[in-house]
Amino acid sequence: MIEFEIADIDFAEALVQFWKKSFLAAYSDIHSEENIQAYFSISYTIEEATRILTCKNYECLKAKRDQQTVGISIVNNRRCPLKAELDAMELKHLYLLPSEYGSRLAHRIMDEVFDQLKDAGKTHIWLSVSKLNQRAQRFYKKLGFEMLGKGEDIHVGDEVLPSLVLMKKLN
């Protein structure tokens, strides 16, 4: 059985480890170890986790099974740069443990996120996704996200990856 809870500052160290484990599962066959470690040293630090977990603009939702965190989402109260006129929030992260792939956990987390955003009065949700991450793009399109355009480049060490901005209207 999956239980959801909002993460607090006590989750900072575990969040860093969760980010790293999930990123490695998704990208270790795409990026070199050196570039991955460079990315981790900038993006997946205790300072970044602390910032996110203590900032009122962010909310980290943990999906737990048997007291173990098996998935997370992080939303950011940030308008979409390509559609700033909409009352939207950003899905900053959606990560699962590899053991949860195919379990429909990502759908359950997204349903929770959609409900939270609607309760907050938001009309849309947006995200950036690497052009290389075809699996994630397919998932988001199944959920009704549509491509808006080019996003900011993602830097993984010395690699520069283009990204796409996707958006969904909340029903």
Side-chain angles (χ1 to χ4, degrees), residues 1-12 14-16 18-19 21-23 25-27 43-44 48-49 51-152 154 162-171:
M1 181 161 133
I2 297 295
E3 296 177 354
F4 293 100
E5 69 180 48
I6 302 300
D8 60 19
I9 190 61
D10 294 335
F11 187 62
L15 178 58
V16 171
F18 197 91
W19 278 336
K21 185 183 286 189
S22 300
F23 188 91
Y27 293 106
S43 300
Y44 294 158
E48 180 65 4
R51 184 181 74 79
I52 285 173
L53 293 171
T54 59
C55 179
K56 65 179 177 153
N57 284 345
Y58 289 92
E59 186 168 274
C60 178
L61 180 69
K62 299 187 294 183
K64 297 176 78 173
R65 177 181 289 119
D66 299 325
Q67 301 303 312
Q68 179 191 7
T69 300
V70 292
I72 63 154
S73 67
I74 298 175
V75 294
N76 181 8
N77 192 9
R78 176 177 169 220
R79 290 185 185 263
C80 179
L82 302 182
K83 291 275 188 173
E85 71 277 8
L86 298 175
D87 196 6
M89 284 181 76
E90 175 188 23
L91 177 66
K92 183 80 174 157
H93 296 288
L94 172 64
Y95 285 155
L96 307 178
L97 292 181
S99 61
E100 298 298 320
Y101 292 174
S103 71
R104 301 205 42 90
L105 177 62
H107 288 86
R108 293 198 50 209
I109 293 172
M110 289 305 299
D111 286 343
E112 288 288 320
V113 168
F114 296 155
D115 288 344
Q116 286 178 335
L117 270 55
K118 287 187 276 188
D119 289 347
K122 302 300 178 185
T123 60
H124 292 78
I125 183 171
W126 70 278
L127 59 90
S128 293
V129 62
S130 166
K131 275 189 168 181
L132 295 179
N133 195 339
Q134 297 292 317
R135 178 186 183 133
Q137 289 176 50
R138 285 189 305 273
F139 171 73
Y140 292 123
K141 287 179 182 175
K142 283 182 194 175
L143 290 177
F145 282 82
E146 297 177 0
M147 185 171 47
L148 286 182
K150 184 180 178 334
E152 295 178 7
I154 302 166
S163 73
L164 303 171
V165 173
L166 307 178
M167 179 173 274
K168 174 182 171 62
K169 182 175 179 162
L170 299 171
N171 299 326

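- Taking both residues in full, the closest heavy atoms of Ala49 and Ala12 are given as CB-O, 3.6 Å, listed atom of the first, atom of the second, then distance.
- In this structure, Ile154 and Ser163 approach most closely via the heavy-atom pair CD1-CB, 3.8 Å.
- Proximity of Thr69 to Phe11: side-chain heavy atoms (C-beta onward) are separated by under 4.5 Å at one or more points.
- In summary, of the residues considered (Glu59, His93, Glu90), a side chain to side chain donor-acceptor pair (under 3.5 Å) with Asn76 occurs for Glu90 alone.
- Contact annotation: the side chain of Cys60 approaches that of Leu53 to within less than 4.5 Å [non-hydrogen atoms, C-beta and beyond].
- Using a 30° and 60° split on the angle between ring planes, Phe114 and Phe145 fall in the tilted class, from 30° to 60°.
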What pairs of donor and acceptor atoms, side-chain ones from residues 164-171 against any protein atom, are under 3.5 angstrom apart with sequence neighbours left out?
unit_1	atom_1	unit_2	atom_2	d
Lys168	NZ	Leu143	O	2.8

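- Of the inter-residue distances, the one linking Cys80 atom SG with Asp87 atom CG reads 12.5 Å to the nearest 0.5 angstrom.
- Across all their heavy atoms, Tyr58 and Ile52 have their closest contact at CB-O, 3.3 Å.
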Begin from the C-alpha positions of Leu127 and Ile125 and carry the test side-chain contact (heavy atoms from CB on, under 4.5 Å) through to its verdict. CA-CA 7 Å; Leu127 59 90; Ile125 183 171; 6.0 Å; no

Go through the steps to decide whether Trp126 and Arg79 satisfy the test side-chain contact (heavy atoms from CB on, under 4.5 Å), and finish with yes or no. CA-CA 8 Å; Trp126 70 278; Arg79 290 185 185 263; 5.6 Å; no

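- For Lys62 and Glu5, the salt-bridge test passes: some basic side-chain N is under 4.0 Å from an acidic carboxylate O.
- No more than 12 heavy atoms of other residues, nucleotides or ligands shown are found within 6.0 angstrom of NZ on Lys131.
- Listed here is the closest heavy atom pair of Tyr101 and Ala26: OH-N, 4.3 Å.
- Residue pairs meeting the side-chain hydrogen bond (donor to acceptor under 3.5 Å, both in side chains) criterion with at least one member in residues 134-152, sequence neighbours excluded: Lys150-Asp153.
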Quick one: do Ser130 and Tyr27 satisfy side-chain contact (heavy atoms from CB on, under 4.5 Å)? Show the steps, please. CA-CA 11 Å; Ser130 166; Tyr27 293 106; 4.2 Å; yes

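- We find the CG-SG distance between Asn77 and Cys55 to be 9.5 Å, quoted to the nearest 0.5 Å.
- Phe139 approaches Ala106 most closely through the heavy-atom pair CZ-CB, 3.5 Å.
- Side-chain atoms of Asp66 never come within 3.5 Å of backbone atoms of Gln68 as a donor-acceptor pair (strictly under, hydrogens ignored).
- Separating the CG atom in Asn57 from the CE atom in Met89 is a distance of 7.5 Å, to the nearest 0.5 Å.
- Within the 4.5 Å cutoff, side-chain heavy atoms of Leu94 are placed close to those of Met110.
- The closest side-chain heavy-atom distance from Glu100 to Arg65 is below 4.5 Å.
- Taking 4.5 Å as the limit, every side-chain heavy atom of His124 sits out of range of all side-chain heavy atoms of Lys122.
- Residues Leu97 and Phe18 form a side-chain contact, since some pair of their non-hydrogen atoms from C-beta on lies under 4.5 Å apart.
- For the pair Tyr95 and Ile74, the minimum side-chain heavy-atom distance is 4.5 Å or more.
- Put simply, the side chain of Ile2 does not reach to within 4.5 Å of the side chain of Ile109, judged on heavy atoms.
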